[in-house]
Amino acid sequence: MTTTGAHQDAAGATARGWWWWGRRRSAVLDVTLGAVSALECAAEGVGFAENAGLPVPVGVLFGLVAGAVLVVRRRWPVAVVLVSIAITPAEMGYLMGIVGLYTLAASEVPRRIIAALAGMSLVAVLIVTFVRVRQDIASADFDPGPWYVPLMAVFMSLGLNAPPVLFGLYIGARRRLMESLRERADSLEQELSLLADRAEQRAQMARTEERTRIAREMHDVVAHRVSLMVVHAAALQAVALKDPQKAVRNAALVGDMGRQALTELREMLGVLRAGDGVPARGSVPLEAVGRAAAAAAGREVGAVEEGPCLDAVEELVEQSRQAGMAVELRVMGEARPCGAAVERTAYRVVQEGLTNVHKHAPGARVVVRLAHRDGEVAMQVENGPSDGGVADAGLPSGGNGLVGMRERVVALGGVFVSGPTDEGGFKVSAVLPVEVRGS
C-alpha cells in the first residue's frame, strides 16, 4: 500500500467514525473493557460450570462470550444491561453490570427505560446476594441474627447499582448541557456574523448615500456658479470694446463668482482629504461635508450643519440679474422658521431652476415664487420662451440636476414637479413640509 493509499484509508476510517465510535481512543477503551470483562466472566464461569454440573470449558467459553458483549456498550447499552442481568444468577459479569448501568444512564435512552432496567438489576443482585449469603451462613453453622442477611443483600445490591446509575445520570446531564452551550455558542456566532454582514451592508449603503450627496452638492455649486461665470464672460466679450466700464464690472463679477465657487468646493473637499473626518483648516462644512464628517466620526448620519437658506434666495436672484437675466422674485405669506434641511433644499431648488434657465433658455423672462403656507413652504421657478436674439452660452448639461432635486425633495416628504409650460417655457416646482424629522 502506498503512502497516499494509507492516508486515504485513515481518512475513510475517520469519516466512518470507527464504526460507532467517534474517536479512536473510545474504541480502544471499549475493547479493553470488553477484554477485561471477558476474562472476569471466564474465570467466574469455572465456578458456574461446577455448580451447574457442566464441563469447565463450556463455562469458560460462556463467560468469554458473555463478557465480550461489553464492547458494544456505546451502541447498544440496553442489550449490555440485559445480558448482565441475565448472567447475574450465575454470579458473573460484575464489571459488565457496573459499566453497563453507567453507560445506560449517561445515554439518550428514555428515563423510564433506565429506571426499569436499573430496578431489574437491583432486584436481581438483591435476590442472588440474599440466597448466596444465606447459603454461606447455613454451611458455616453461624447465626448472626435475622437482620444480617437482608442487610447484606440490600447493601450489596445498592453498592453495585446505585453509584454507576447516579454517576451516569450526572455525566449525561453534563454532556447535554455542554452540547446545549455549544449549540448556543454556534447560534450566537452565526447571529454575530449576520449582524456583521448587516453592519457592513449598512456602512456600504451609507458610503453610497454620502457619495451621492456630495455629488449633488458639487453639482449645485459648480453648475450654478460656473453657469453665471460663463454668462458674464460672454457679456464681457460683447461689451469689452464698446463699454469698458461695464466690462470691468463684469470681470469683477466673474472673479467674485469664481472665488465663491472655489471656496465652496474647498469646503466640501477639505473633509474628504482629511483622513480622520476633520475639515481642513479654514473650511466651513456644508451639508454633505458635515454628513461625511459625522459618518467618519461615528455620529448619526444626518447631523444638521450650516449651509444656504431661504434668506439667501434674494441674493441668488440678484446674481442672476447681474448676469443679464430678467428675473422677478415674488414672496407670499409670512416667513417662519423651517428646518435647516428644508431651507437648504428649497434654496437648491431655486438655484437649479435658475441654472437651467441660464443653460437652456438664454434671454427668457423668469419668475421665482416663494410661498410660506401653514405647515409647508412652496417654491417655483418659471421661465418663458427663450429669446432667439440672445446667443446661446453653450453650457453643457449632464441631465442630473432635476433628478437630484427630485430625490432631495422626496427624501424630505415633499412633492417635486417639473416640465414645460403651455407658453413654451419651463417650470420647476416643489412643496416641502415645514416639520421634518431630523431637521
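Reckoned from all heavy atoms, side chains included, excluding hydrogens, waters and symmetry mates. Keep in mind that what you see is a predicted model, and the values were worked out from it rather than measured.
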Would you check if I87 and F62 make a side-chain contact, meaning some heavy-atom pair closer than 4.5 Å? yes
Given side chains that start at C-beta, do those of V80 and T103 come closer than 4.5 Å, heavy atoms only? no
Quick one: does S121's side chain have a donor or acceptor within less than 3.5 Å of a partner on L117's backbone? no
Nearest 0.5 angstrom please: L70 CG to T32 OG1, how far? 10.5 Å
Between V368 and L354, does a side chain to side chain contact (heavy atoms under 4.5 Å, CB included) hold up when you go through it step by step? CA-CA 9 Å; V368 177; L354 294 176; 4.0 Å; yes
Any donor-acceptor N/O pair, S37 side chain to L33 backbone, under 3.5 Å: no
Between Q201 and R198: side-chain donor-acceptor atoms closer than 3.5 Å: no
Looking only at non-hydrogen atoms, find the nearest pair between M96 and A66 and report the distance. CE-O, 2.6 Å
Quick check: closest heavy atoms across Y148 and V133, and the distance to 0.1 Å? CE2-CG1, 4.0 Å
Taking L126's backbone N and O only, do any of them form a donor-acceptor pair with T129's side chain (distance below 3.5 Å, no angle check)? no
Contact between V409 and V415 at the side-chain level, heavy atoms closer than 4.5 Å - yes or no? no
For a side chain to side chain contact (heavy atoms under 4.5 Å, CB included) check, start with the C-alpha distance between L432 and M379, then their side-chain angles and the critical distance, and finish with the verdict. CA-CA 9 Å; L432 292 169; M379 68 288 313; 4.3 Å; yes
salt_bridge(E191, R184) N-O dist < 4.0 Å: no
I171 versus Y102, closest heavy-atom pair with distance: CG2-OH, 3.7 Å
Shortest non-hydrogen separation from V434 to V342 and the atoms involved: O-CG2, 4.1 Å
Heavy-atom closest contact (F426 atom, T421 atom, distance): N-OG1, 3.9 Å
Using a 3.5 Å distance criterion without hydrogens, assess whether the side chain of E40 forms a donor-acceptor pair with backbone atoms of Y94. yes
So for atom CD, which belongs to E179, do other residues, nucleotides or ligands contribute more than 12 heavy atoms lying within a distance under 6.0 Å? yes
Any side-chain heavy-atom pair from M120 and T88 closer than 4.5 angstrom? no
Flag yes if more than 12 heavy atoms outside D197 fall under 6.0 Å of its CG atom; otherwise flag no. yes
Beyond-backbone contact of S84 with V81, side-chain heavy atoms, under 4.5 angstrom: yes
Go through the steps to decide whether R408 and V349 satisfy the test side chain to side chain contact (heavy atoms under 4.5 Å, CB included), and finish with yes or no. CA-CA 9 Å; R408 285 190 177 199; V349 169; over 6 Å; no
What distance separates R344 CZ from L310 CG, expressed to the nearest 0.5 Å? 11.0 Å
CD on E352 to OG1 on T345, rounded to 0.5 Å: 13.0 Å
If you count the non-hydrogen atoms of other residues, nucleotides and ligands that lie under 6.0 Å from CZ in R369, is the total more than 12? yes
Atom CD of E189: over 12 foreign heavy atoms under 6.0 Å: no
Looking at CE of M405 and CD of Q351, how far apart are the two atoms once the value is rounded to the nearest 0.5 Å? 8.0 Å
Apply the test side chain to side chain contact (heavy atoms under 4.5 Å, CB included) to residues H372 and V331: give CA-CA distance (whole Å), side-chain angles for both, the deciding distance (0.1 Å), then the verdict. CA-CA 8 Å; H372 297 277; V331 180; 4.2 Å; yes
Go through the steps for E183 and R176 under the test salt bridge (Lys or Arg N to Asp or Glu O under 4.0 Å), then give the verdict. CA-CA 10 Å; E183 292 176 357; R176 287 188 289 271; over 6 Å; no
Could you check if a side-chain atom of V377 sits within less than 4.5 angstrom of a side-chain atom of E343, using non-hydrogen atoms only? no
Counting only heavy atoms from other residues, nucleotides and ligands, does the tally under 6.0 Å from CD of E318 exceed 12? yes
With a 6.0 Å cut-off (strictly less than), is the heavy-atom count around CZ of R174, excluding the residue itself, greater than 12? no
Answer yes or no: is there a donor N or O on one side and an acceptor on the other, between the side chain of R73 and the main chain of D30, under 3.5 Å? no
Quick one: does E44's side chain have a donor or acceptor within less than 3.5 Å of a partner on G93's backbone? yes
Working to the nearest 0.5 Å, report the span between CE of M178 and CG of L181. 6.5 Å
If you count heavy atoms of other groups shown closer than 6.0 angstrom to CE of M332, is the number above 12? yes
To the nearest 0.5 Å, tell me how far D311 CG sits from L316 CG. 13.0 Å
Work out which heavy atom in C309 is nearest to a heavy atom in Y347; give both atom names and the distance. O-CD1, 3.4 Å
